[in-house]
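In what follows, a single structure is set out as structure tokens and then discussed.
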Protein chains: 2
Amino acid sequence: MLAALVKAGHSNTRARRAVIAAICETGGQASPADLLASGRVHHPALGLVTVYRTLEILLELDLVRKLHTDDGCHSYAPSTHHHGHHVICQQCQRAMEFEGCDLETVVAAVEARTGFQVRSHWLELFGVCPECQTKSVR
Amino acid sequence: MLAALVKAGHSNTRARRAVIAAICETGGQASPADLLASGRVHHPALGLVTVYRTLEILLELDLVRKLHTDDGCHSYAPSTHHHGHHVICQQCQRAMEFEGCDLETVVAAVEARTGFQVRSHWLELFGVCPECQTKSVR
DNA sequence: TTACTTGCAAAAACTTTGCAGGCGC
DNA sequence: GCGCCTGCAAAGTTTTTGCAAGTAA
């Protein structure tokens, strides 16, 4: 992640390393405030503004994906596959990326029915992750 | 929409009629601020707070759906089908609801691959609506 | 050294809450 | 007339912007 950043012409700074580490450490998604907290473990003087600015760069380079949470604020997750979506645990908030969404059928049906030309899509799944399933069985 | 509201025990007030009219008039989605502007045509004294409060009620009754836009704020669209998603025009922002998303295959694949138990999902399609297609051909 | 980065503070944007007066029923 | 509803103002959140000091290369 750092390598790609540098390759794109950005500096390798302590603050950016801290933000990247924070993103990688969260099992999945994290809000900017979460990232600030985890990032400060690596770089205590880290500021929230820098978290936002670093995320902006990472988004542009497609190294990170922006997820929408229902409570109004956004969260961010590392992007590992090329065309990826996320499945999010409703209990522990862990997010896992998956690839290969076969939406061709759905897209074709919608195009036929609405007359729209579909260019892109956006999908998030919600459920329970393996670990939380085990826990809740007891 | 009004009928359902009243049936659920809410009063039939001028402000609520204005908000509902505003939602129905927008071809598809609209932000709270948009709704305030359109609503004021019907009820000039309408306040933004009332727009939010009315939307909250309509959401609860499933008469309206909340969409997420990338620019940070939310937008709302009337909900006509029971389990519906929206396809949104990237040019004119018009939103159209569609039903029948065949995600079973995708969901099954993801469950097999990640171990998650998928409980719900969230899908938005983006493209160009029939009218904008015509316009751009010329 | 030079230009890019940073972090604080302040501002902006969006949403929620408190409360006195108004309106539906 | 009673109680829900409204709209203003103010507060709370999240995100963006300005700027002087700091750091990478």
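We name chains A, B, ... by the order of the sequence lines, and we start the count at 1 in each one. Treat the numbers as computed from the prediction; the structure is a model and nothing was measured.
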For the side chain of B:Ser11, starting at C-beta, report the closest nucleotide among D:dC4, D:dA24, D:dT6.
->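 Nearest to the side chain of B:Ser11 among the choices is D:dC4.
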
From D:dT6, D:dT16, C:dT15, pick the nucleotide closest to the side chain of B:Arg53?
->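 Nucleotide nearest to B:Arg53's side chain: D:dT6.
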
5' priority, DNA chain C, between B:Leu48 and B:Asn12 [closest heavy atom] |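 Closest to the 5' end, via its nearest nucleotide, is B:Leu48.
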
Given DNA chain C, 5'-ward residue of the pair A:His10 and B:Thr13, judged by closest heavy atom =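 It is A:His10, whose closest nucleotide lies nearer the 5' terminus.
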
Atom pair CG/CG of A:Leu35 and A:Leu46 - distance to nearest 0.5 Å =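 The CG atom of A:Leu35 sits 9.0 Å away from the CG atom of A:Leu46.
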
Nearest whole Å is fine: how far is [N] [atom2] from [X] [atom1]?
X       : N      : atom1 : atom2 : value
A:Leu35 : D:dT14 : CG    : C1'   : 14 Å
A:Lys7  : D:dA25 : NZ    : C1'   : 20 Å
B:Ile20 : D:dT6  : CD1   : P     : 11 Å
A:Leu55 : C:dT5  : CG    : P     : 15 Å
A:Leu67 : D:dT14 : CG    : P     : 17 Å
A:Glu56 : D:dT17 : CD    : P     : 8 Å
B:Leu46 : C:dC23 : CG    : P     : 14 Å
A:Tyr76 : D:dT15 : OH    : P     : 6 Å

If you measure only the distance, is there a donor-acceptor pair under 3.5 Å linking the side chains of B:His74 and B:Gln29?
->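 No, no side-chain donor-acceptor contact under 3.5 Å.
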
May I ask you to test the B:Leu67-B:Tyr76 pair for a side-chain heavy-atom distance under 4.5 Å?
->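 Of all side-chain heavy-atom pairs linking B:Tyr76 with B:Leu67, none is under 4.5 Å.
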
side-chain N/O [X] vs [N] OP1/OP2, d < 4.0 Å:
X       : N      : result
B:His43 : D:dG7  : yes
B:Arg16 : D:dC5  : yes
A:Thr50 : C:dG7  : yes
B:Tyr52 : C:dT16 : no
B:His74 : C:dT15 : yes

Taking atom types as they are modelled, is there a donor-acceptor pair under 3.5 Å from the base of D:dG22 to the side chain of A:Arg14?
-> no

With a 4.0 Å cut-off on heavy atoms, is A:Ala45 in touch with a base, just the backbone sugar-phosphate, or nothing at all?
-> sugar-phosphate

Of B:Asp34, B:Val51, B:Leu58, B:Thr54, which meets side-chain contact (heavy atoms from CB on, under 4.5 Å) against B:Ile23?
-> B:Leu58

Picking from A:Arg65, A:Glu97, A:His121, what satisfies side-chain contact (heavy atoms from CB on, under 4.5 Å) with A:His85?
->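 So, applying the side-chain contact (heavy atoms from CB on, under 4.5 Å) to A:His85 and each of A:Arg65, A:Glu97, A:His121, only A:His121 qualifies.
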
